[in-house]
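Below is one structure, written out as structure tokens; comments come after it.
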Amino acid sequence: AQSVTQLGSHVSVSEGALVLLRCNYSSSVPPYLFWYVQYPNQGLQLLLKYTTGATLVKGINGFEAEFKKSETSFHLTKPSAHMSDAAEYFCAVSDATGGFKTIFGAGTRLFVKA
Amino acid sequence: EAGVAQSPRYKIIEKRQSVAFWCNPISGHATLYWYQQILGQGPKLLIQFQNNGVVDDSQLPKDRFSAERLKGVDSTLKIQPAKLEDSAVYLCASSFGTGGQETQYFGPGTRLLVL
């Protein structure tokens, strides 16, 4: 069965610093992988997704993620944090074995310090 | 383009009462999802519709939860009777298709507190 593990329920960075949010997945078949962001009192919004092809995926707001099959990882990065990046981030996976049901991780809350 | 609409935004009820949530997906989206998001956890799929048919309801507690999607557009999710552990945010999402690679568009959610 698929599963998603997000390492660190809270991450704090200074404005202008590198953002790295970690995500590991479990899937026995090629997965589809997603990162969603949730701002306070709002629904989730897609940042980026990996389906097939290029393993480095670029998303909105300067975020990118790299699919590494050998490490079963899909970590999210942004070179320079902005105050507006403060939010909760969810990694998610879907694959054929789960009927393409989307499984979300527990989330990582990103704090950005001035 | 209008997003996914949900109402009410907040609801407080006592245990054993009933409650209903409403969702209007993005126009033209065939697939509609209801998720339960408990504080500190990621969203968990309760039920998925394609048009007005159920694709997956394996995690829906059918003894107390029910959902329908009338005419393949709007949807309602009902809880009867509610338990304390049902306190959560209920998110509705929609997507154009049903494939696993589809982007889901989420509404703002309904925050339910059961006392």
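Chain A is the first sequence line, chain B the second, and so forth, proteins listed ahead of strands; every chain is numbered from 1.
Note: His29(B) and Phe96(B) have perpendicular aromatic rings, judged against thresholds of 30 and 60 degrees for the angle between ring planes.
Contact of Gln38(A) with chain B is made through the side chain alone, with heavy-atom distances under 4.5 Å. For Gln6(B), no part lies near chain A; criterion is any non-hydrogen pair under 4.5 Å. When heavy atoms are compared at a cutoff of 4.5 Å, Gln101(B) approaches chain A by way of both its backbone and its side chain. In this structure, the portion of Tyr32(A) lying under 4.5 Å from any heavy atom of chain B is its side chain and not its backbone. Contacts between Phe34(A) and chain B at a heavy-atom distance below 4.5 Å involve the side chain alone, from C-beta outward. For a residue to count as touching a neighbouring chain, one of its non-hydrogen atoms must lie under 4.5 Å from one of that chain's; by this rule Tyr35(B) touches chain A with the side chain only.
Of the listed residues (Leu91(B), Val4(B), Asp56(B)), the greatest number of heavy-atom pairs within a distance under 4.5 Å of chain A belongs to Asp56(B). Of the residues considered (Pro108(B), Gly107(B), Pro43(B)), Pro43(B) shows the highest number of contacts with chain A, using heavy-atom pairs under 4.5 Å. Residue with the most contacts toward chain A among Lys44(B), Glu102(B), Gln48(B): Glu102(B) (heavy-atom pairs, distance under 4.5 Å).
Side chains of Tyr90(B) and Gln36(B): a donor on one and an acceptor on the other come within 3.5 Å. Inspection of the Asp95(A) and Ser27(A) side chains reveals an N or O donor paired with an N or O acceptor under 3.5 Å. Side chains of Tyr33(B) and Thr102(A): a donor-acceptor N/O pair is absent below 3.5 angstrom, by distance only.
For Lys78(A) and Asp85(A), the salt-bridge test passes: some basic side-chain N is under 4.0 Å from an acidic carboxylate O.
Hydrophobic clustering keeps Val57(A) apart from Leu46(A) (ILVMFWY residues linked when any side-chain heavy atoms are closer than 4.5 Å, directly or through intermediates).
Checked against the 6.0 Å centroid criterion, the rings of Tyr36(A) and Phe90(A) do not qualify as a close aromatic pair.
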